[in-house]
Enquirer: 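To start, I am sharing the structure in question, which I have written as structure tokens.
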Amino acid sequence: MKYIIAFLFVLTFDFSVTAQEEKPKLVVGIVVDQMRYDYLTRFYEKYGDGGFKRMMNEGFNCKNNHFNYIPTKTGPGHASVFTGTTPKYHGVIANDWWDKEAKKMVYCAGDKSVSPVGTDADMERMSPHRMKTTTFADENRLFTQMRGKTIGISIKDRGAVLPAGHTGNAAYWFRGKDEGNFVTSTFYMENLPDWVEKFNDSKQVESYLKEWNTLYDISSYTESGPDLNNFEAGFDGKETATFPYNLKKLAKKNDGFDILKVSPYGNSIVADFAIEAIKAESLGKDNITDVLTVSFSSTDYIGHNFGVSSKEIQDTYIRLDKDLERFFQVLDKEVGKGEYTVFLTADHGAVEVPSYLQSVNIPAGYVERTDRKEKFQEFLKETYGSTEIVESISNDQIFLNRAIVKALDLDLDDVQEEIANEQLTYKNIYKVYTATTMNNTHFESGIEHLLQMGYNQKRSGDVLLLDDPAFISYWKTGTTHGSGLNYDTHVPLLLFGKGIKHGQTFKKTEITDIAPTISALLGISFPNFAIGQPLEFVLE
């Protein structure tokens, strides 16, 4: 009998070891901030073989990958990628939003209950406490009894904090200004690890305060517009937004080390720091899966400044491709080729600069918020006797003061409907919906469905506004994002490494499918409110 028991024990042990060995030792989730899908195809010929092309040639390319909600912004984007759900459920409805209970604007990662670590700057008090659901990294931590590590890294705090989830061992983000250091908060630790202190004390970041010129001859950048044009903002202290840029010289007038955020070297700094994290934290060194999240934010800063068709954005992606190549080479060496899994996506896309679109006769433009606000205030005074019935207008949502509505003995649904009908008469308002409609009507497709998937009952407003396509509330230079149109929703999804097939598809995939796919690969529970489906066709 004892031999049978021993035999069964060996079988069980061998099975568990085999099952564990089939999993990647490290999962790396990469988000490239503001990366449109067509940056893969437009700049393809300028990429080397070891970055984006390696992911496409060795892995799987989902060519029709979209965000499935509005608003397409950084905070909601990062939360949705890693939770497998949308703002409707995870609650991160914007980067900042009006808190209906606190009666003030709040920040998606802000947390006054924690303290900054690595800096004295009060604004670096961050945690994921406003995100209501788990990430796949959280589920991996629970599955491994907290033995699998999770580390989040980004230039932006929200790009590090939200992907790392609620159980992350660490999240590090970049503090610019006159510091130029990676920092964290007491949500994760009381003091920075020695390796982070060492990185901050080195001259690595300072070395990037140098000239930014095009990596290749600028005349070969035929996939972008002219260097000198009317559609780019540039830097204070430089008359034109044209190459080259002396970042060291310009730093003083552009918030010191913050200028690096608006250059491709911001991405290089993140790659440098992520490589140090892999080595110092021994990520992927055993058979218990670790998770590393890396968000490259400089692409977003540069897009906002220079726009979608700029020479600057093309050079940034060419350089990011080089950073990805060296990052993957480190993974090959430190974790082992074929022992890790990587996915790469974006948190949103971006619209072409509307003033440029206008110049080529495509309908586009800028929303005149001041005129709209004046008309709306006149309407409120005339209809309700006061403008105070509206608490806030933010993120294209109107928040009503429920106490005043009640005091005036008004019906909330009627007030929402009256305001919606009024707003619909304003210039460049495309569609308007009320909270009552979002709560009582089920939309299965179209822009209404996207709006509903971004609508959170407790946090969203009473009236939701949509502007005309390619009309934005922004400067006349540079670009932005936030809509449910294809230029904002269509983003890359590349996967490669252990457990991933080689191939491509035009089948529509959604951003919420990523977390369930990684969970399925790892054999762990899905994030607790994931609504996406595992992409079976990408898994071996």
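A quick note: this is a predicted structure, and the numbers were derived from the prediction, not measured. When reading the values below, keep in mind they use all heavy atoms of this one structure, side chains included, and skip hydrogens, waters and symmetry mates.
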Enquirer: Could you check whether Y208 and D272, counting side-chain N and O atoms only, form a donor-acceptor pair closer than 3.5 Å?
Expert: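 Side chains of D272 and Y208: pair found under 3.5 Å.
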
Enquirer: Would you say the side-chain atoms of T184 pair up with the backbone N or O of A171, donor to acceptor, closer than 3.5 Å?
Expert: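 Answer holds: yes.
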
Enquirer: Do Y433 and E448 have side-chain atoms, one donor and one acceptor, less than 3.5 Å apart?
Expert: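 A donor-acceptor contact under 3.5 Å links the two side chains.
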
Enquirer: If I take atom CG from residue L250 and atom OG from residue S263, how far apart are they, to the nearest 0.5 angstrom?
Expert: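 So the CG of L250 and the OG of S263 are separated by 11.0 Å.
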
Enquirer: Do N428 and D468 have side-chain N/O donor and acceptor atoms under 3.5 Å apart?
Expert: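 Short answer, yes.
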
Enquirer: Determine the minimum heavy-atom distance between P87 and G454, stating which atoms define it.
Expert: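 Looks like CB-O, 3.7 Å.
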
Enquirer: So do L344 and L324 actually touch side chain to side chain, heavy atoms under 4.5 Å?
Expert: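 Of all side-chain heavy-atom pairs linking L344 with L324, at least one is under 4.5 Å.
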
Enquirer: Side-chain donor-acceptor pair under 3.5 Å between D227 and T242, yes or no?
Expert: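 No, no side-chain donor-acceptor contact under 3.5 Å.
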
Enquirer: Measure the shortest side-chain to side-chain distance between M56 and L494 over non-hydrogen atoms and say whether it is less than 4.5 angstrom.
Expert: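 SC-SC contact between M56 and L494 confirmed.
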
Enquirer: For ring pair (Phe, Tyr, Trp, His ring centres under 6.0 Å), just list the numbers for F82 and F136, CA-CA rounded to whole Å, side-chain angles, deciding distance to a tenth of an Å, and then say yes or no.
Expert: CA-CA 6 Å; F82 289 88; F136 76 78; 5.7 Å; yes

Enquirer: So, Y107 versus D157: side-chain donor-acceptor pair below 3.5 Å or not?
Expert: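 D157 and Y107 do have a side-chain donor-acceptor pair below 3.5 Å.
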
Enquirer: Verify, without hydrogens or angle tests, whether T341 (side chain) and G497 (backbone) share a donor-acceptor contact under 3.5 angstrom.
Expert: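 The answer is no, because no donor-acceptor pair under 3.5 Å joins these two groups.
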
Enquirer: Counting only N and O atoms by type, is there a donor-acceptor contact under 3.5 Å from the side chain of R141 to the main-chain atoms of G148?
Expert: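 Here the side-chain-to-backbone pair exists.
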
Enquirer: Decide whether W173 and E124 meet the rule of one side-chain donor and one side-chain acceptor closer than 3.5 Å.
Expert: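 Yes, a side-chain donor-acceptor pair sits under 3.5 Å.
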
Enquirer: Go through it in stages, so that I can follow the logic: the residues are E334 and K285, the test is salt bridge (charged side-chain N to carboxylate O under 4.0 Å, His left out), and I'd like the CA-CA distance, side-chain angles, deciding distance and then a yes or no.
Expert: CA-CA 8 Å; E334 296 295 324; K285 288 295 188 181; 3.4 Å; yes

Enquirer: Is there a donor in the side chain of Y69 and an acceptor in the side chain of S80, or the other way round, less than 3.5 Å apart?
Expert: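 Judged by distance alone, the side chains do pair up.
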
Enquirer: Show, in sequence, the C-alpha distance, side-chain angles and deciding distance for E232 and V353, and conclude whether the side chain to side chain contact (heavy atoms under 4.5 Å, CB included) test is met.
Expert: CA-CA 9 Å; E232 302 171 8; V353 179; over 6 Å; no

Enquirer: Quickly, which of F174, W195, F257, Y172 forms a ring pair (Phe, Tyr, Trp, His ring centres under 6.0 Å) with F182? Name it, please.
Expert: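 Passing option: F174.
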
Enquirer: Just wondering, are more than 12 heavy atoms of other shown residues or ligands nearer than 6.0 Å to NZ in K210?
Expert: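 Atom NZ in K210 is crowded, with more than 12 foreign heavy atoms closer than 6.0 Å.
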
Enquirer: Using distance alone, with no hydrogens and no angle criterion, decide if D488 and S483 have a side-chain donor and acceptor under 3.5 Å apart.
Expert: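 Distance-only check passes for D488 and S483.
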
Enquirer: May I have the step-by-step check of salt bridge (charged side-chain N to carboxylate O under 4.0 Å, His left out) for D96 and R158, ending in yes or no?
Expert: CA-CA 11 Å; D96 306 85; R158 57 188 180 270; over 6 Å; no

Enquirer: Checking side-chain hydrogen bond (donor to acceptor under 3.5 Å, both in side chains) for the pair D300/T74: CA distance, chi angles, key distance, verdict?
Expert: CA-CA 9 Å; D300 182 71; T74 301; 4.6 Å; no

Enquirer: I want to check something: taking the side chain as every heavy atom from C-beta on, are Y245 and E312 in contact at a cut-off of under 4.5 Å?
Expert: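 Yes, at least one pair of side-chain atoms sits under 4.5 Å.
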
Enquirer: Evaluate the side-chain proximity of R459 to K132: yes if any heavy-atom separation is below 4.5 Å, no if none is.
Expert: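 Yes; the side chains approach each other to less than 4.5 Å.
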
Enquirer: Return the OG to OH distance between S355 and Y366, rounded to the nearest 0.5 Å.
Expert: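 Separation between the atoms: 3.5 Å.
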
Enquirer: If we ignore angles and hydrogens, is there a donor and acceptor under 3.5 Å between the side chains of D138 and T167?
Expert: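 Yes, side-chain donor-acceptor contact under 3.5 Å.
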
Enquirer: May I ask you to decide if the ring planes of F43 and Y39 are parallel, tilted or perpendicular, using 30° and 60° as cut-offs?
Expert: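 The arrangement is parallel - the two ring planes meet at less than 30°.
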
Enquirer: Verify side-chain hydrogen bond (donor to acceptor under 3.5 Å, both in side chains) between T214 and D315, making sure each step is shown before the conclusion.
Expert: CA-CA 6 Å; T214 53; D315 190 66; 5.2 Å; no

Enquirer: Within the structure provided, determine whether E352 and S309 are in side-chain contact (heavy-atom separation under 4.5 Å).
Expert: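 The answer is yes; the side chains approach within 4.5 Å.
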
Enquirer: Report the C-alpha separation of I313 and V308 in whole Å, then their side-chain angles, then the decisive distance to 0.1 Å, and conclude whether the side chain to side chain contact (heavy atoms under 4.5 Å, CB included) test is met.
Expert: CA-CA 7 Å; I313 206 73; V308 168; 5.8 Å; no

Enquirer: Pick from T86, L466, I70, L485: which one makes a side chain to side chain contact (heavy atoms under 4.5 Å, CB included) with L450?
Expert: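 For L450, the side chain to side chain contact (heavy atoms under 4.5 Å, CB included) check succeeds only for I70.
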
Enquirer: Tell me whether E540 at atom CD has more than 12 heavy atoms from other residues, nucleotides or ligands lying less than 6.0 Å away.
Expert: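 Atom CD in E540 is packed in, count exceeds 12.
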
Enquirer: Compute whether any side-chain donor of one residue and acceptor of the other, for N528 and T133, lie under 3.5 angstrom apart.
Expert: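 No, T133 and N528 have no side-chain donor paired with an acceptor closer than 3.5 Å.
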
Enquirer: Which pair of heavy atoms, one from G110 and one from H129, lies closest together, and at what distance?
Expert: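 The answer is O-NE2, 2.8 Å.
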
Enquirer: Could you grab the distance from atom CG of D332 to atom CZ of F327, nearest 0.5 Å is fine?
Expert: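 Output value for this atom pair is 11.0 Å.
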
Enquirer: Looking at Y301, is K156 sitting on its ring face, NZ or CZ under 6.0 Å from the six-membered ring centre and within 45 degrees of the normal?
Expert: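 That pair qualifies as a cation-pi contact.
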
Enquirer: Under the criterion side chain to side chain contact (heavy atoms under 4.5 Å, CB included), I'd like the reasoning laid out for H304 against Q34: C-alpha separation, chi angles, the key distance, then a yes or no.
Expert: CA-CA 9 Å; H304 279 297; Q34 204 188 111; 3.5 Å; yes

Enquirer: Parallel, tilted or perpendicular: which fits the ring planes of Y37 and H490, with parallel below 30° and perpendicular above 60°?
Expert: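 The arrangement is parallel - the two ring planes meet at less than 30°.
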
Enquirer: A quick test of your reading: do over 12 heavy atoms of other residues, nucleotides or ligands sit less than 6.0 Å from OH of Y430?
Expert: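 No, OH of Y430 has 12 or fewer neighbouring heavy atoms, counting only those of other groups under 6.0 Å.
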
Enquirer: Which is it for F343 and T517 under the side chain to side chain contact (heavy atoms under 4.5 Å, CB included) test, yes or no, and what are the steps along the way?
Expert: CA-CA 10 Å; F343 71 80; T517 300; over 6 Å; no

Enquirer: Kindly check if the number of other-residue, nucleotide or ligand heavy atoms within 6.0 Å of NZ (K501) is above 12?
Expert: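 Yes, enclosed.
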
Enquirer: Could you report the tightest heavy-atom contact between T72 and H481, atom names first, then the distance?
Expert: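 Where T72 meets H481 most closely, the heavy atoms are O-ND1, 3.0 Å.
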
Enquirer: Go through the side-chain N and O atoms of Y356 and N230 and say whether any donor and acceptor fall under 3.5 Å apart.
Expert: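 Checked: Y356/N230 side chains show no N/O donor-acceptor pair below 3.5 Å.
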
Enquirer: With F496 as reference, evaluate F60, F328, F52 under the ring pair (Phe, Tyr, Trp, His ring centres under 6.0 Å) test and give the passing residue.
Expert: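 Of all the options given, the one that passes is F328.
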
Enquirer: Is there a side-chain contact between M35 and L40 (heavy atoms, below 4.5 Å)?
Expert: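 The answer is yes; the side chains approach within 4.5 Å.
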
Enquirer: When you compare the side chain of P527 with that of T134, does any pair of heavy atoms fall below 4.5 Å?
Expert: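 Side-chain contact under 4.5 Å: yes.
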
Enquirer: Where the side chain of D286 meets the backbone of I288, is there a donor-acceptor pair that is under 3.5 Å apart?
Expert: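 Confirmed, D286 side chain pairs with I288 backbone.
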
Enquirer: Hey, does K149 have a side-chain heavy atom less than 4.5 Å from the side chain of L26?
Expert: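 The answer is no; the side chains never approach within 4.5 Å.
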
Enquirer: Are S185 and D111 close enough that a side-chain donor and a side-chain acceptor fall under 3.5 Å?
Expert: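 The answer is no; no qualifying pair exists.
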
Enquirer: Is it true that the side chains of H66 and N64 contain a donor and an acceptor less than 3.5 Å apart?
Expert: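 Judged by distance alone, the side chains do pair up.
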
